[in-house]
Asker: 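What follows is a single structure, and I will ask about it in a moment.
As the structure is a prediction and not an experimental result, all values here were calculated from the model. Note that these values count all heavy atoms, side chains included, but never hydrogens, waters or copies made by symmetry. Order of listing sets the numbers, starting from 1, for every ligand and every atom in it. Numbers here are sequence positions counted from 1.
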Amino acid sequence: MVSTEETLDLYGAYPDDVVVSVENVYKIYKKSDLEVVALSGVSLQILEGKIMCVVGPSGSGKTTLTNIIGGITKATVGKVYWANLRTDITKQSERVLTEARRSFIGFIFQVNNLLPHLNAWQNVELAARIAGVPKKIRQERVNRLIKLVGLEERKHNKATTLSGGERSRVAIASALVNLIDTKGKGLVLCDEPTGDLDPETAQRILELFKELNETLGTSFFIVTHSQQVASMADVTIEIRDGIVSGFHQKGIDLDELGGTRIVKLDNNYRLPMPVDLLEKAGNPTEFKISFENNRFILEPQLGDVVDTVRERKARTCRVCGSEIAQGKFICSNCGSTV
Ligand SMILES: Nc1ncnc2c1ncn2[C@@H]1O[C@H](COP(=O)(O)OP(=O)(O)OP(=O)(O)O)[C@@H](O)[C@H]1O
Ligand SMILES: [Mg+2]
């Protein structure tokens with residue numbers, strides 16, 4: 001059955017180059033009576049043929065966001081639009097998503113999960129089989145992928161005898177089993193793909209990403225802690241405590257994020273304050289805000305807004321209007337409680 005949204009094409013308004021759009025997504029994990037807010041109103045768009053990186057401290061929500069984009073984890077609130085379905089996937093069944101994911105999204109997980117007793121070629125072939133690549137084209141496709149990631153010489157080696165870089169190549173080839181023939185819209189999601197690789201091997205993997213990005217038009221969404229990885233991104237997002245706390249265009253320096261950071265209002269007109277700047281200013285919590293000469297000006301305020309209001313309230317009696325001395329809570333004129 002075709003959903004109403006598809007019939008009406010409510011999502012036709014997206015520009016053609018949007019591959020995935022995440023809109024005001026919240027994710028709350030519930031375990032017995034404990035709630036963890038992993039994402040708190042995240043919005044972003046992944047564009048065709050672009051590389052987006054994600055940086056942020058441990059526990060900030062990077063893996064959760066990656067899995068929500070890939071449709072593996074359901075958002076608690078918010079929308080996730082996939083260009084291939086032209087719809088919001090948070091309302092779709094697991095069956096529809098599994099089918100749609102096959103020719104749209106490839107995953108490279110934080111820990112690459114190759115089968116140790118199979119060789120490099122067999123691991124990619126198994127991934128192709130699971131992804132539903134038809135039997136008659138599977139062998140040819142696996143050969144092509146093995147060549148593409150530069151593993152021809154090592155394809156008969158068991159996974160246990162491959163180096164970290166070679167295992168990553170197998171994982172990349174496996175992620176591409178269905179994307180290699182997708183013109184443009186394919187997306188590869190990677191959770192710290194170079195985390196346990198030495199810098200030289202990591203560089204080679206990154207060059208491979210770049211090549212795939214340029215030759216196949218594949219988009220990449222890469223979680224990373226590495227400057228090396230972030231350097232090749234078209235856009236990098238900073239994530240902190242489940243919110244996107246900054247966007248960066250090309251030329252990001254992870255040690256000096258303030259240099260390229262752009263902050264964006266969320267749907268409720270809230271602006272994330274960069275914690276590094278707050279620390280520099282002595283962690284103020286209140287500001288006077290004004291707009292002059294095309295600039296917003298935030299002036300840190302001393303004291304506490306609530307306390308100021310409290311003091312003012314305590315000064316006049318609600319019943320007789322007499323002044324009440326500071327620190328007193330009973331009106332000396334009429335005896336009312338303040
Ligand atoms: N299945 C789950 N159940 C409950 N809480 C979870 C679950 N998965 C993640 N969390 C919590 O959600 C928050 C975000 O976790 P997430 O794994 O997305 O962080 P991360 O940025 O990927 O961290 P890291 O850099 O360490 O991989 C954390 O507080 C984590 O403990
Ligand atoms: Mg993670």
Asker: Enumerate the residue pairs fulfilling ring pair (Phe, Tyr, Trp, His ring centres under 6.0 Å) with a member in residues 218-275, sequence neighbours excluded, ordered by first and then second residue.
Answerer: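 Qualifying pairs: F209-F220.
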Asker: Is any N, O or S atom of S58 under 2.8 Å away from the Mg ion (ligand 2)?
Answerer: no
Asker: Between G56, P57, G61, S58, which one has a non-hydrogen atom sitting closest to atom 26 (O) of ligand 1?
Answerer: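 The option holding the nearest heavy atom is S58.
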Asker: Mind telling me whether F291 and F296 have parallel, tilted or perpendicular rings, with 30° and 60° as the class edges?
Answerer: tilted
Asker: For residues 30-40, run the donor-acceptor check on the side chains, cut-off 3.5 Å, and write out each pair with its distance to 0.1 Å, sequence neighbours left out.
Answerer:
none

Asker: Is it true that atom NZ of K147 has more than 12 heavy atoms of other residues, nucleotides or ligands lying nearer than 6.0 Å?
Answerer: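 No.
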Asker: Which ligand 1 atoms are under 4.0 Å away from a heavy-atom of S60?
Answerer: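 Within the 4.0 Å cut-off of S60, ligand 1 contributes 19 (O), 21 (O).
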Asker: By number and element, which atoms of ligand 1 are closer than 4.0 Å to a non-hydrogen atom of V36?
Answerer: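 Checking each atom against V36, I get 11 (C), 12 (O), 29 (O).
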